[in-house]
Protein chains: 2
Amino acid sequence: MRNAEFDKEAVLRAAMIAFMAKGYAKTSMQDLKAATGLHPGSIYCAFENKRGLLLAALGQYRADRAEEFQHFFSSDLPKLLQLKHYLEHVVQESISCQAAQACLLIKALNELAEQDDEVQAILIENLSDWQSSVGAVFHQAIAANELTGERSAEQLSRFFIMGVYGLRTYAQTHPEADIMHELAEQLFVDLCR
Amino acid sequence: MRNAEFDKEAVLRAAMIAFMAKGYAKTSMQDLKAATGLHPGSIYCAFENKRGLLLAALGQYRADRAEEFQHFFSSDLPKLLQLKHYLEHVVQESISCQAAQACLLIKALNELAEQDDEVQAILIENLSDWQSSVGAVFHQAIAANELTGERSAEQLSRFFIMGVYGLRTYAQTHPEADIMHELAEQLFVDLCR
DNA sequence: CTCTTTCTTGAATATTCATTCAAGATACTC
DNA sequence: GAGTATCTTGAATGAATATTCAAGAAAGAG
């Protein structure tokens, strides 16, 4: 008997970063070897193939993002303020443009939708879950009378998500802090009324 | 003497569609041969290499988009109404999700930024031009008192562009007509006030 | 300490794919 | 109609790269 030597989470995070930096197709097994420290054989043994590694990395990404979400919305601050902080966090991430910071889900969706139905389905499911989570927060905000309820939590969350997509993409063209903050601010104001 | 036989615009549009459908890396020369009807040798003769074909296709894309823009903003309808129609057009395009409809500039930016600085620069320049054009329309709208001018034309155009990015990405996950129209409607309302 | 099981290694394989090139075809000129 | 310049063709080339596999290394069991 003998146990695997590598730290699975660490390997998956390294793979995530590699995939985000170069995209799935352009990340070669050599890149993955360099990033994860695992030799090809080990990768194939543990994850079946390159695609299996992507799937595993997506699983880790989901878990990491869920934890992050928890972090932002488990305090007892007003829900709207939590959302504002969350949005600021997105902006910060988009600005500190280490490429590694584009959302893996969106990046992969752009690259692999229409090419791999199973991966596409997983990505859409993850993004839908995210939207549901945001929707739940808006529900609470409405219940706490922080919002009028004129627009439903679902409408608001869709608009919020769309805004985040827009912010992230916008940052790819003009990652200037002041402009990004202004955009986020406008978006937030529009959500509040 | 002898002239080239193929229709350059048609070839470039075919290449555009191929690149949008599969992405740059995954579009093989065989795909391009099938899409354009040109044999490898001809492609290399006319465009130097695959990357050259992408650059030429980007040029064609720019020209096509500029003409489309003209079409929407050359009538004498109120500027705000023109913008509304333009936004509706984006939504329609995003819904009829033939994959070929994702904006080539954004798709390429997602894939190639951080991998090809020259292409990245061209993409950003094209997108910046587009933003300037939208900005000019907002200027006219303000001058015509269709808007208060409380927010500058630049601010408005940035927000508008961000919204379009968001809409397009959102459509990749939930390309349902009613939701997309609602999002566009909310975006437009927010721009008007 | 030895044996067995499992993991690790990295060179070999097979495939895919961008690119080249030389022969063949075509249109234009004189 | 002959000559020539240019374009077209598609098989050959060579590089890149995902995947396999057999030998080597290490950990635990008895």
Side-chain angles (χ1 to χ4, degrees), chain A residues 1-58 104 107-108 111-112 114-119, chain B residues 1-58 60 104 107-108 111-112 114-119 122:
Chain A
M1 202 68 77
R2 189 186 167 195
N3 295 325
E5 281 175 5
F6 61 87
D7 173 355
K8 201 163 189 175
E9 284 197 11
V11 163
L12 290 178
R13 293 215 180 87
M16 268 171 36
I17 292 172
F19 284 136
M20 284 192 279
K22 304 191 79 174
Y24 177 71
K26 269 290 175 193
T27 303
S28 68
M29 289 305 293
Q30 281 202 34
D31 293 331
L32 289 170
K33 179 188 166 190
T36 63
L38 257 52
H39 290 250
S42 299
I43 294 179
Y44 279 80
C45 178
F47 304 105
E48 182 110 27
N49 53 25
K50 188 179 164 185
R51 183 170 176 275
L53 179 56
L54 175 67
L55 291 175
L58 286 174
L104 177 59
K107 179 122 188 172
E111 180 177 353
L112 299 176
E114 319 284 329
Q115 275 194 75
D116 187 324
D117 289 347
E118 192 189 339
V119 169
Chain B
M1 202 68 78
R2 187 186 169 195
N3 295 326
E5 281 173 8
F6 60 86
D7 174 354
K8 201 164 187 174
E9 284 197 10
V11 162
L12 291 178
R13 293 214 181 87
M16 267 170 37
I17 293 172
F19 284 136
M20 283 192 278
K22 303 190 78 173
Y24 177 72
K26 269 288 176 194
T27 303
S28 67
M29 289 307 292
Q30 280 202 33
D31 292 332
L32 290 170
K33 179 189 166 189
T36 63
L38 258 50
H39 290 250
S42 300
I43 294 179
Y44 279 80
C45 179
F47 305 106
E48 182 111 27
N49 52 27
K50 186 180 166 185
R51 183 169 176 274
L53 179 55
L54 174 67
L55 292 175
L58 286 174
Q60 185 65 47
L104 177 59
K107 180 121 184 170
E111 180 178 352
L112 299 175
E114 321 280 330
Q115 275 193 74
D116 186 325
D117 289 347
E118 192 189 339
V119 169
I122 290 172

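By convention in this document, chain letters (A, B, ...) are assigned in the order of the sequence lines, proteins followed by strands, and residues within each chain are numbered from 1.
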Engineer: Taking A:Arg51's backbone N and O only, do any of them form a donor-acceptor pair with A:Tyr24's side chain (distance below 3.5 Å, no angle check)?
Structural biologist: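 Answer holds: yes.
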Engineer: Picking from A:Thr27, A:Ile43, A:Leu38, what satisfies side chain to side chain contact (heavy atoms under 4.5 Å, CB included) with A:Leu53?
Structural biologist: A:Ile43
Engineer: Counting neighbours of NZ on B:Lys50 that are heavy atoms of other residues, nucleotides or ligands and sit closer than 6.0 Å, is the number greater than 12?
Structural biologist: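 Yes, NZ of B:Lys50 has more than 12 neighbouring heavy atoms, counting only those of other groups under 6.0 Å.
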Engineer: B:Lys33 NZ to C:dC17 P: how many Å, rounded?
Structural biologist: 14 Å
Engineer: Under 4.0 Å between a side-chain N or O of A:His39 and OP1 or OP2 of C:dG10?
Structural biologist: yes
Engineer: In whole angstroms, how far is the C1' atom of D:dA15 from the NZ atom of A:Lys26?
Structural biologist: 12 Å
Engineer: Scan B:Ser42 against the nucleic acid and name what it touches under 4.0 Å (heavy atoms): base, sugar-phosphate only, or nothing.
Structural biologist: base
Engineer: Rounded to whole angstrom units, what separation is found between the CD atom of B:Gln30 and the P atom of D:dT9?
Structural biologist: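 After rounding, the gap between these two atoms is 16 Å.
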Engineer: Output the residues of residues 44-56 of chain B in contact with DNA chain C, where contact means a heavy atom of the residue under 4.0 Å from an atom of the strand; sort by number or write none.
Structural biologist: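 Within this stretch, B:Tyr44, B:Asn49, B:Lys50 sit under 4.0 Å of the strand.
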Engineer: Using the rule given for salt bridge (charged side-chain N to carboxylate O under 4.0 Å, His left out), can you reason through B:Arg13 versus B:Glu9, listing the C-alpha separation, both sets of side-chain angles and the distance that settles it, and then say yes or no?
Structural biologist: CA-CA 6 Å; B:Arg13 293 214 181 87; B:Glu9 284 197 10; 3.1 Å; yes
Engineer: Within the distance-only criterion (no hydrogens, no angle test), does the side chain of A:Gln115 pair as donor or acceptor with the backbone N or O of B:Lys22 below 3.5 angstrom?
Structural biologist: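 Yes, because the side chain of A:Gln115 sits within donor-acceptor range (under 3.5 Å) of the backbone of B:Lys22.
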Engineer: Without decimals, in angstroms, what is the distance between B:Leu38 CG and D:dT9 C1'?
Structural biologist: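 Going from B:Leu38 (CG) to D:dT9 (C1'), I get 11 Å.
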Engineer: Quick check: on DNA chain D, is the nucleotide nearest A:Gly41 upstream (toward 5') of the one nearest A:Tyr24, or the reverse? Name the residue that is more 5'.
Structural biologist: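 With A:Tyr24 and A:Gly41 compared, the 5'-side residue is A:Tyr24.
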Engineer: How many whole angstroms separate atom CD1 of A:Ile43 from atom C1' of D:dT20?
Structural biologist: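 These atoms are roughly 14 Å apart.
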Engineer: Determine whether a donor-acceptor pair (N or O, by modelled atom type, separation under 3.5 Å) exists between the side chain of A:Glu111 and the backbone of B:Gly23.
Structural biologist: no
Engineer: Rounding to a whole Å, what distance do you find between A:Met29:CE and C:dT16:P?
Structural biologist: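 Distance check: A:Met29 CE to C:dT16 P gives 17 Å.
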